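We name chains A, B, ... by the order of the sequence lines, and we start the count at 1 in each one. We use all heavy atoms of the structure for the numbers below, so side chains are in, but hydrogens, waters and symmetry mates are not. None of these values were measured; they are calculated from a predicted model.
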Amino acid sequence: MNKKTIYALIAILIVFGIYGYEFFLNEEEALDIVETGKEVKNNTNEYFLPTSTTNQVIHHEGYSLSYSEPHEQAEWVAYELKKAHLSKSHFKRPYFEIDKAIKTGAAHWRNYKNSGYDRGHLCPAGDRRYSQMAHDETFLTSNISPQKHQFNSGIWNRLEQKVRYWASKYNGVFVVTGGVLKGQMRTIGDDAVSVPDQFYKVLIDNNSGKTKMIGFLIPHKESDAPLYEFVVSVDTIETLTGIDFFPQLEDTLEAKLEASKSYKGWSFNRK
DNA sequence: CTGTATGTC
DNA sequence: GACATACAG
């Protein structure tokens with residue numbers, strides 16, 4: 001064996017040694033994440049992902065979604081809003097883009113043009129202001145549902161702000177949200193994007209001690225009523241949508257939390 | 001914060 | 001279509 005061969009062998013050993021060590025670290029990290037469900041990366045938020053009734057789940061960096069082709073929008077969008085995600089940084093509003101990850105083809109923003117409806121974010125831009133990329137990613141048409149402006153800027157906006165308040169107060173929450181895609185709905189645009197008659201939001205707090213859950217079901221119209229009047233059990237939303245929201249939770253705990261329409265532990269007092 | 005509309009290239 | 005600017009709840 002000449003010197004050159006020996007050096008080459010040593011180099012190979014070093015490379016594989018480092019690779020093996022990193023692989024080991026990643027395994028440890030992944031295991032920890034699965035157990036805690038606290039991370040927001042793709043391989044981590046699966047812990048809290050709902051089931052898909054459409055069989056088309058897409059993972060983006062800042063959120064995941066299940067796309068309904070017949071309704072040309074997501075049946076659910078899921079993401080974790082950590083306390084650390086709350087940011088005051090301002091990014092310029094980009095233009096909506098077709099989500100190329102949707103294999104069946106996502107709706108074009110043109111469907112919403114002059115439709116009389118807002119391009120209502122499901123994962124709000126205001127929840128993804130921790131980076132330019134995460135922010136801009138919310139402007140994919142797979143994350144948009146037709147919403148009346150009075151609803152979007154009204155009670156829905158107030159609920160989104162409340163979620164940010166809870167994320168701050170409870171050290172982060174996991175959020176699942178979407179329109180109820182059911183029954184006869186009117187459509188807009190050439191792609192026939194369905195206009196939901198109700199929107200839902202389901203939250204779980206798994207970070208501030210005892211795990212707690214809350215569900216909201218809000219008719220697609222502006223309302224001055226306080227938010228707690230729209231609290232329903234998660235079971236109610238599951239029956240309505242056919243979605244199983246937290247299949248990874250331990251069954252007894254899941255059944256108990258999802259049956260409850262109590263909002264005890266969720267503060268409605270401020271903001 | 002949540003959004004739309006319009007004019008210019 | 002991309003971009004800047006103005007405006008509304």
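Under the 4.0 Å criterion applied to side-chain N and carboxylate O atoms, A/Glu69 and A/Lys103 are not assigned as salt-bridge partners. Between A/Asp127 and A/Arg164 there is a salt bridge, since a side-chain N of the basic residue sits under 4.0 Å from a carboxylate O of the acidic one.
Using a distance-only test at 3.5 Å, with no hydrogens or angles considered, no donor-acceptor pair links the side chain of A/Trp109 to the main chain of A/Glu97. Under a 3.5 Å cut-off, the side chain of A/Arg128 and the backbone N or O of A/Gly62 do form a donor-acceptor pair. Not one N or O on the side chain of A/Asp118 forms a donor-acceptor pair closer than 3.5 Å with the backbone of A/Gly120.
Close to B/dG3, at under 4.0 Å from its OP1 or OP2, lies a side-chain N or O of A/His121.
Atom-to-atom, CZ of A/Arg129 to C1' of B/dT2 comes out at 12 Å; the value is rounded to the nearest Å. Summarising the geometry, the separation between CZ on A/Phe91 and P on B/dT2 is reported as 13 Å, rounded to the nearest angstrom. B/dC1 atom P lies 10 Å from atom CG of A/Asn157, rounded to whole Å. Atom P of nucleotide B/dC1 and atom CD of A/Glu160 are separated by 11 Å, given to the nearest angstrom. Atom-to-atom, CZ of A/Arg164 to C1' of B/dC1 comes out at 7 Å; the value is rounded to the nearest Å. When rounded to the nearest whole Å, the span between NE2 of A/His149 and P of B/dT2 equals 12 Å. One atom, CG of A/Asp118, and another, P of B/dT2, lie 11 Å apart when rounded to the nearest Å.
Test A/Gln56, A/Gln73, A/Glu72 against A/Tyr67 for side chain to side chain donor-acceptor pair (under 3.5 Å) and you get one pass: A/Glu72. With respect to A/Tyr200, the side-chain contact (heavy atoms from CB on, under 4.5 Å) criterion is satisfied by exactly one of A/Ile218, A/Thr236, A/Val180: A/Val180.
The two residues A/Leu240 and A/Lys182 have their closest heavy-atom pair at O-CD, 3.3 Å. Taking all atoms of both residues into account, the shortest heavy-atom contact from A/His59 to A/Ser64 is ND1-OG, 2.8 Å.
Taking the six-membered ring where the residue is Trp, the centroids of A/Tyr170 and A/Trp266 are separated by under 6.0 Å.
Note that CE of A/Met185 is 12.0 Å distant from NE2 of A/His220, once rounded to the nearest 0.5 Å.
Applying a 4.0 Å cut-off to non-hydrogen atoms, the residues of residues 103-116 of chain A that approach DNA chain C are A/His108, A/Arg110, listed by residue number. Looking at residues 92-101 of chain A, you'll see A/Lys92, A/Tyr95 sit with a heavy atom under 4.0 Å from some atom of DNA chain C.
Across all strands shown, A/Gln150 has heavy atoms under 4.0 Å from sugar-phosphate atoms exclusively, and none from any base. Residue A/Gly154 is out of contact with every strand shown, counting any heavy-atom pair closer than 4.0 Å.
Chain A approaches DNA chain C over the interval C/dG1 to C/dG9, counting the first and last nucleotide 5' to 3' with an atom under 4.0 Å from its heavy atoms.
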